[in-house]
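These notes concern the structure reproduced below.
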Amino acid sequence: MNAPDTNIRPHRPQIRQLDEAAANRIAAGEVVERPASAVKELVENALDAGASRVDIAYADGGKTLIRVSDDGHGMPADDLPLALARHATSKIDGSDLLNIHTFGFRGEALPSLGAVGRLRIASRVVGGDGAEIAVDGGRVGPLRPSACRTGTQVELSNLFYATPARLKFLRSDRAEAQAIHDVVKRLAMAEPLVAFTLRDVSGGGEGRQIMRADAGTGTRTEALAARLRVILGRDFIDNAIGIDAEREALHMTGFAALPTYSRGAAVAQFLFVNGRPVRDKLLVGALRAAYSDFLSRDRHPAVALFLTCPPELVDVNVHPAKAEVRFRDPGMARGLIVSCLKHALAEAGHRASTTVSQATLGAFEPERPANPVYQMDRPSLGATRASYAAQSPGFAEGSSWAGARVEPVPSADEGASAPEEALPLGLARAQLHENYIIAQTGTGIVLVDQHAAHERLVYETLKTRSSENGVPTQALLIPEIVEMSRDDADRLLAASDALSRVGLVFEPFGSGAICVRETPAILGEINAEALLRDIIDELTDLGATQTVTDRIEAILSRMACHGSVRSGRRMSADEMNALLRQMEATPHSGQCNHGRPTYVSLSLNDIEKLFGRR
């Protein structure tokens, strides 16, 4: 007996017009996913209102209370009921959805919040009377007078009480509070000239201040640097490179951290498009490509980058949360990020992050004297040498060390016109454990890992030769035919010119097939089908591919590792100093091929602190 078809209904379903409350609850499911989404929408409204100060408070991770107050231009009493209607907004007139200059423009946030929680809005314009209105689960209350200050205060309580099923999907109070903090941080970076405060008022009262960022002063770049110092920490700014580059209509500014200042997860990557915080796969992929030559796969760069362009070149109306964007020319945006960051990192030369030195000092555990020892100021280098020369004869004659002689390490740079202070990595003075070079600078010492440093130098040389002479290819005796879908074949063929420049040559072979004729010689014998599949996956995910380039650079990196100075080799003074001079002249020499530092710099002041001299 045949089973009944469950798709056949005895009665034809009737098309109905959903009421306003149901429509708002459905819209809230897209716009307001969690308390952090509500905070984002309300803070963006405050910024669009021209606020110079935004105060945010929440309780119980935003589940029981979210309050956002601003000093913007406010809303007149007559506009408050209209602000709670769907698709009512003052930010656009609907004639041009590409020419958008504000954070919000959909007119969905306030009615959606009022449909799933208890919402109260109080507002006053300059020279006008204050008014307030409340919404309870979609039911709009009467308009009332309010003794509020100029600006707007929005209070949302009992979020999702009208849709209890949504409450079950919220995480712990601590996790939701962290998400709110992350949202506020990103918006505070986007507007460095606006003051922000964030408070946790769980339990009532003034609560606990989580974040405070005062309004920046000076130029926008100076204000941004000050804001990032507050939000991301002083270490980020101290170890970051300023970015300012243009390509046609695109302009990118911000800060990118050195490779040695990397993170174990992508938690310090902040990307903005026309001032809007975004999480875009295209931009993240470009960022990964820019740092691919400096970091291993388990390390992630730290950046705060701002891309600006005419509004018509980017579509922000892709998703209700407005976290994704779509560029009219994605290749130009990706190319700007990759080329600009690579150029900036190259200009950083041998520079390494200061956190490496701080971690080194933290590893030392000097024994602290019970009572501080006060020392005289350190004499000059000439006075010290004169003192040693005057004391050495008597010391040698009257001690058991007579006959012992300590010779300084000769240097190839001795007698050179450049003083020690003019050499960033100083002059080699000793080699420890046949692996570490100690060099003296004008302000301290430098400890160099000879194998890691030389590995980077050899790698950069191999890359330069490869780019100058091109990537040698090897023709396959029997071309390999790879079957695939027509869409995948089209993606590959669209990238064929770029792939041929790195030694992978192929052509179409009928419908839905690719004929591979040449592969990069340096890769040796490879599985062409597996390689093409990896490239297709990357093209589908990011719109561009680095697979072949990454594999070639991985081979060059291994060649550099095997061809560099090995640990355990004793080096002469000339060799050590030649290595230091080459490091100073070679870009990226501050980190090895895996993103680890090649040297540690310690100032004399820090060393003296270890011995209780300061």
Side-chain angles (χ1 to χ4, degrees), residues 16-46 48-49 54 56-70 75 79-89 91 103-123 132-144 152-184 187 198 200-202 317 319-323:
R16 299 183 180 87
Q17 177 71 46
L18 294 176
D19 59 42
E20 189 73 13
N24 284 338
R25 289 193 182 100
I26 292 173
E30 294 181 334
V31 178
V32 186
E33 299 176 1
R34 58 193 307 188
S37 305
V39 171
K40 172 181 175 294
E41 297 293 340
L42 296 178
V43 174
E44 286 181 348
N45 282 346
D48 287 339
V54 181
I56 307 105
Y58 66 88
D60 304 316
K63 299 174 185 176
T64 59
L65 175 68
I66 294 172
R67 183 171 59 242
V68 177
S69 308
D70 68 70
M75 292 180 285
D79 283 354
L80 286 179
L82 186 59
L84 296 171
R86 290 192 68 203
H87 307 306
T89 179
K91 300 167 186 177
F103 284 105
F105 55 88
R106 293 174 177 272
E108 290 183 322
L110 292 179
S112 297
L113 293 174
V116 296
R118 294 185 172 93
L119 185 70
R120 185 185 71 86
I121 307 175
S123 188
E132 69 175 56
I133 193 169
V135 190
D136 190 343
R139 297 183 297 274
V140 181
L143 189 66
R144 301 175 183 273
T152 303
Q153 182 183 87
V154 182
E155 190 172 287
L156 175 66
S157 57
N158 301 114
L159 181 62
F160 296 135
Y161 95 96
T163 54
R166 296 292 300 276
L167 285 172
K168 299 178 181 178
F169 291 92
L170 295 183
R171 301 175 65 185
S172 66
D173 291 354
R174 182 176 181 180
E176 296 298 343
Q178 183 59 42
I180 290 174
H181 190 194
D182 184 62
V183 164
V184 175
L187 290 171
L198 177 65
D200 183 354
V201 295
S202 302
N317 192 23
H319 188 271
K322 302 185 287 290

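Position 1 is the first residue of the sequence, and the numbers go up from there. All values below were derived from every heavy atom in this structure, side-chain atoms included, with hydrogens, water molecules and symmetry-related copies excluded. Values in this document were obtained by computation on a predicted structure and should not be read as measured data.
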message: The test is side chain to side chain contact (heavy atoms under 4.5 Å, CB included); show your working for Leu42 and Ile66 and say whether it passes.
response: CA-CA 9 Å; Leu42 296 178; Ile66 294 172; 4.3 Å; yes
query: Would you say the side chain of Asn45 lies within less than 4.5 Å of the side chain of Leu110, judging by non-hydrogen atoms?
result: yes
- request: Taking the side chain as every heavy atom from C-beta outward, state whether Leu198 and Ile180 have any pair of such atoms under 4.5 Å apart.
  value: yes
query: Measuring from Ile56:CD1 to Arg67:CZ, what's the distance to the nearest 0.5 Å?
result: 11.5 Å
- line: Minimal heavy-atom distance between Thr64 and Ala59, with the atoms involved, is OG1-O, 3.2 Å
field: Shortest non-hydrogen contact from Ala57 toward Val201
entry: CB-CG1, 4.1 Å
task: Grab the two heavy atoms, one from Ala162 and one from Gly137, that are nearest each other, plus how far apart they are.
output: CB-CA, 4.2 Å
Within-4.5 Å side-chain heavy-atom neighbours: Val32 and Arg166: no
Between OH on residue Tyr58 and CG on residue Leu65, distance to nearest 0.5 Å: 11.5 Å
- line: Rounding to 0.5 Å, atoms CZ (Arg120) and CD (Glu155) come to a distance of 5.0 Å
query: For the atom pair CD1 (Ile133) and CG (Asp79), what is the distance rounded to the nearest 0.5 Å?
result: 11.0 Å
task: Measure across Glu33 and Leu170 and return the closest heavy-atom pair with its distance rounded to 0.1 Å.
output: O-CD2, 4.2 Å
- prompt: Hey, are the side chains of Val154 and Leu113 touching, using non-hydrogen atoms and a 4.5 Å cut-off?
  reply: no
task: Supply the atom-to-atom distance Ser123 OG to Gln153 CD, rounded to the nearest 0.5 angstrom.
output: 10.5 Å
query: Are Val54 and Leu187 close enough that some pair of their side-chain heavy atoms sits under 4.5 Å apart?
result: no
statement: Between Asp70 and Ala46, the two heavy atoms sitting closest are OD2-CB, 3.5 Å
query: What distance do Leu82 atom CG and Met75 atom CE have between them, rounded to the nearest 0.5 Å?
result: 10.0 Å
task: Over all heavy atoms of both residues, which pair between Ser172 and Lys63 is shortest? Give the atoms and the distance, please.
output: C-NZ, 3.9 Å
query: Salt bridge or not for Arg171 and Glu176, using N-O below 4.0 Å?
result: no
Within-4.5 Å side-chain heavy-atom neighbours: Val140 and Pro81: no
